[in-house]
Amino acid sequence: MKPDKKNVRYNMLTMFIYIIGLILVFQLFNLQIVHGEEYYERSSRRLTRTTTIEAARGNILDRDGNVLAGTTPRYSVVIYRSRIENDLLNSTILNVINVLEQNEDAYRDAFPVAIYPEIRFTLSEERIEAWKRNQNIKETATPEDVLNEFKERYEITQEDTEEVRRIIAVRYGIEREGFTSMRAYVIATNISIESVAKLEEQSIRFPGVAVDVRAARKYYMGSLASHIIGYTGRISEEALRRDETYNMHDYVGKTGIEYVLESFLRGQHGTRQTDMSVDGTRTGEYIIEEAVAGHDVTLTISANLQRASEIALRNNIERITAGAFGREFEATAGSVVVIDVRSGEVLAMASYPDFAPESFVDGISLERWNEYNDPERKSLLNRTIQSGYAPGSAYKMVPAIAALEAGYITPTTRIFCGGIFHGGHNPRCSIYAATGGGHGWLDVSQAIKYSCNIFFYEVGTTMGIDILEEYSKKFGLGSRTNIELPGEISGVVAGRTLYNELGQTWFPGNTLSAVIRTSRK
């Protein structure tokens, strides 16, 4: 290539670069100098807010597909800080409250002055004095003085006392908790769909106000299987520190299946972007990331059988208390477990008293919490796995099988029951109190049928505690079942092992008690 052609191309490229540079400089001058104020003003009127779309929690189903625990949309009305005048803020709050009251929706109200049936304080005298000091209000201020002081503090121009009180309720809450253009103050939770529709349709009347929706837990069968299902609640600070994938507003499983299978039931939150002007008017909304619902969990229990078990348990406890079985007993609690012996599946598991998981959805009241934790009732305790009880005569199946398997008796071996066992502390058979005698000659099947203590005293003495303890442990007594529920205890088995751990000596007389009601599960 000739030198002159090289120079022409080089000069053309240089010229092109200069032209591009001039265009860029001109455009920057145009953006920053000529239209700088216009663009700055336009951008300052726009705000972008990113919020979380809460994922729906997975359903908990029974073996037949009935939904025991699911989710339902729960709507809240919130307000964000925006660049609006104080009068407009007050009138907006009043408009929102009017909508809520029209649809009988409650709003948050912690202001300690009521106006009905008269203007009065709602706190005790001691607490109101402390509150006045905290609010820098004169100690001698009357409820009317306090109302007027807050009216002036929030520059409320409305004259109607009811309207003033409504506005103060929200402004006082905002003052206590604060709000920003990114962090809202919650005016009301669990509002009706009618209020949602009105607030959405007429959003221009409610600058800075938005409706948030979250998938709240719903327990469709009330207290049914409450100890199995468990309940959810706001995540604790400790749990939040352990797992940074949660946020401070998340609800997590606290007990039961809700707790054990939390990682399966929880979903993955999504993200929503909302654009709005500085006066709080929304100008656009976009889904950045869709929420992903949690996995469903199917239990082995049958809702129908569970219901029948709970009803039968409650009714029989009431009958025992009323003396329906010969005399009155102080029966306040009990449990029932129904198991498919072919598969080991739990078909029903009832503990009485029970509780309503729904009580925890929006935060349990102190009154209800105290009721559930009453030492006399302990409603939250799952007595099927979290308490130990001596099984009584139901245990006689174990020494019967142990004696048969170990060869100490045969199915036809007969032992005489005269009502009193001559040995140890001379214990009696249960029939002795009623008849003054015993069951007579019995084989093992009859001994189980009539729950004859004397038969098993003889068997236990012959067999010894070591064989009995061995077979008790083979049946799983004294060990956890490892059922997928939290808080299971292992129970104990009476025998030399336990007594050695306690530093005690096992005597032959102990065997007599152990053989008819040995372990606590």
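Source: prediction; values computed, not measured.
In terms of modelled atom types and a separation under 3.5 Å, the side chain of Gln386 and the main chain of Asn382 share a donor-acceptor contact. A donor-acceptor pair under 3.5 Å is absent between the side-chain atoms of Asp87 and the main chain of Thr157, judged by distance alone. At least one donor-acceptor pair closer than 3.5 Å links the side chain of Ser351 to the backbone N or O of Leu381. Panel note: side chain Asp212, backbone Tyr75; no donor-acceptor pair is recorded below 3.5 Å. Between the Ser226 side chain and the Phe355 main chain, a donor and an acceptor come within less than 3.5 Å of each other. The main-chain N or O of Ala350 is never found under 3.5 Å from a side-chain atom of Ser309 such that the two would form a donor-acceptor pair. Side chain of Arg108 to main chain of Val186: a donor-acceptor pair is present (N/O by atom type, distance under 3.5 Å, no hydrogens or angles).
In summary, Glu238 and Arg242 engage in a salt bridge, as defined by a charged side-chain N under 4.0 Å from a carboxylate O. The pair Arg314-Asp354 does not count as a salt bridge, with every side-chain nitrogen at least 4.0 angstrom from each carboxylate oxygen. In this structure, Arg165 pairs ionically with Asp109, as a charged nitrogen and a carboxylate oxygen lie closer than 4.0 Å.
Looking at heavy atoms from C-beta onward, Glu358 lies in side-chain contact with Lys218 at the 4.5 angstrom threshold. Contact check for Ile167 versus Tyr154: no side-chain heavy atoms found under the 4.5 Å cut-off. Inter-residue side-chain proximity for Asn316 and Arg319 is flagged as met; some heavy-atom pair is nearer than 4.5 Å. Side-chain contact between Ile60 and Ile257 is present, with heavy atoms from C-beta onward closer than 4.5 Å. Proximity of Leu477 to Tyr395: side-chain heavy atoms (C-beta onward) are separated by under 4.5 Å at one or more points. At least one side-chain heavy atom of Arg171 sits less than 4.5 Å from a side-chain heavy atom of Asn90. A heavy-atom distance below 4.5 Å is not found between the side chains of Ile320 and Glu328.
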| message | Pair Thr481, Glu488 - check side chain to side chain donor-acceptor pair (under 3.5 Å), show working. | response | CA-CA 8 Å; Thr481 65; Glu488 183 186 14; 2.7 Å; yes

| For Ile235 and Asn247, what are the C-alpha separation, side-chain angles and deciding distance, and is it a side-chain contact (heavy atoms from CB on, under 4.5 Å)? | CA-CA 8 Å; Ile235 190 170; Asn247 66 61; over 6 Å; no

| query | Hey, mind stepping through Ile385 and Leu485 against side-chain contact (heavy atoms from CB on, under 4.5 Å) and telling me if it holds? | reply | CA-CA 9 Å; Ile385 62 171; Leu485 287 173; 3.7 Å; yes

| said: Between Glu289 and Gln268, is the side-chain contact (heavy atoms from CB on, under 4.5 Å) condition met? List the steps. | reply: CA-CA 10 Å; Glu289 184 178 1; Gln268 182 178 338; 3.4 Å; yes

| query | Please walk me through it: do His269 and Asp250 pass side chain to side chain donor-acceptor pair (under 3.5 Å)? | reply | CA-CA 10 Å; His269 295 330; Asp250 280 337; 2.7 Å; yes

| said: Quick one, Arg120 with Val113, criterion side-chain contact (heavy atoms from CB on, under 4.5 Å). Give me CA distance, side-chain angles, the key distance, then yes/no. | reply: CA-CA 6 Å; Arg120 57 186 173 81; Val113 177; over 6 Å; no

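The side chain to side chain contact (heavy atoms under 4.5 Å, CB included) test with Ile187 singles out one residue from Asp105, Val170, Ile174, and that residue is Val170.
Every residue two or more places apart in sequence or in another chain that forms a side-chain contact (heavy atoms from CB on, under 4.5 Å) with Glu162 is listed here: Ile115, Tyr116, Asp160, Arg166. Applying the salt bridge (Lys or Arg N to Asp or Glu O under 4.0 Å) rule to Asp145 yields no partners; only residues at least two apart in sequence or on another chain are considered. For Ile287, the side-chain contact (heavy atoms from CB on, under 4.5 Å) criterion is met by Ile53, Arg272, Glu290, not counting sequence neighbours. For Arg57, the salt bridge (Lys or Arg N to Asp or Glu O under 4.0 Å) partners are Glu258, Glu262, not counting sequence neighbours. Under the rule for a salt bridge (Lys or Arg N to Asp or Glu O under 4.0 Å), the partners of Glu159 that lie at least two apart in sequence or sit in another chain are Lys151. Residues meeting the side-chain hydrogen bond (donor to acceptor under 3.5 Å, both in side chains) test with Arg241, sequence neighbours left out: none. In this structure, Trp369 has no side-chain hydrogen bond (donor to acceptor under 3.5 Å, both in side chains) partners at least two apart in sequence or on a different chain. With sequence neighbours left out, the side-chain contact (heavy atoms from CB on, under 4.5 Å) criterion links Arg183 to Thr180. Taking the salt bridge (Lys or Arg N to Asp or Glu O under 4.0 Å) definition, one finds that Arg327 meets it with nothing, sequence neighbours left out. In terms of the side-chain hydrogen bond (donor to acceptor under 3.5 Å, both in side chains) criterion, residue partners of Asn103 (sequence neighbours excluded) are, by chain and number, Ser195.
When all heavy atoms of Pro357 and Gly230 are compared, the pair lying nearest together is CB-O, 3.5 Å. In terms of heavy atoms, Ser379 sits closest to Glu371 at OG-O, 4.4 Å.
For the residue pair Asn304 and Ser302, no side-chain donor N or O sits within less than 3.5 Å of a side-chain acceptor on the partner. Donor-acceptor pairing under 3.5 Å is lacking for the side chains of Thr232 and Arg217.
Put simply, CG on Leu261 and CZ on Arg266 are 13.5 Å apart, with the number rounded to the nearest 0.5 Å. Interatomic distance, CG of Leu199 versus CG of Leu100, reported as 6.5 Å (0.5 Å rounding). Atom CD1 of Ile339 sits about 8.5 Å away from atom CG of Leu347, to the nearest 0.5 Å.
Checked against the 6.0 Å centroid criterion, the rings of Phe179 and Tyr185 do not qualify as a close aromatic pair. Between Phe150 and Phe111, the distance separating the two ring centers is shorter than 6.0 angstrom.
The salt bridge (Lys or Arg N to Asp or Glu O under 4.0 Å) pairs that include a residue from residues 123-141 number zero, where partners must be two or more places apart or lie in different chains.
The cationic group of Arg214 lies under 6.0 Å from the six-membered ring centre of Tyr251 and within 45° of the ring axis, placing it in a cation-pi geometry.
Phe325 CZ: more than 12 foreign heavy atoms inside a 6.0 Å radius. In the displayed structure, Tyr259 atom OH is contacted under 6.0 Å by at most 12 heavy atoms of other residues, nucleotides or ligands.
Taking the six-membered ring where tryptophan is involved, the planes of Phe360 and Tyr372 are essentially parallel, since the angle between them stays under 30° and well short of 60°.
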May I have the list of side-chain donor-acceptor pairs in residues 61-68 shorter than 3.5 Å, sequence neighbours left out?
unit_1 : atom_1 : unit_2 : atom_2 : d
Asp62  : OD1    : Asp64  : N      : 3.0
Asp62  : OD1    : Gly65  : N      : 3.0
Asp62  : OD1    : Asn66  : N      : 2.7
Asp62  : OD1    : Asn66  : ND2    : 3.4
Asp62  : OD2    : Asn66  : ND2    : 3.1
Asp62  : OD2    : Ala303 : N      : 2.9
Arg63  : NH1    : Thr300 : O      : 2.4
Arg63  : NH1    : Glu345 : OE1    : 3.4
Arg63  : NH2    : Glu345 : OE1    : 3.2

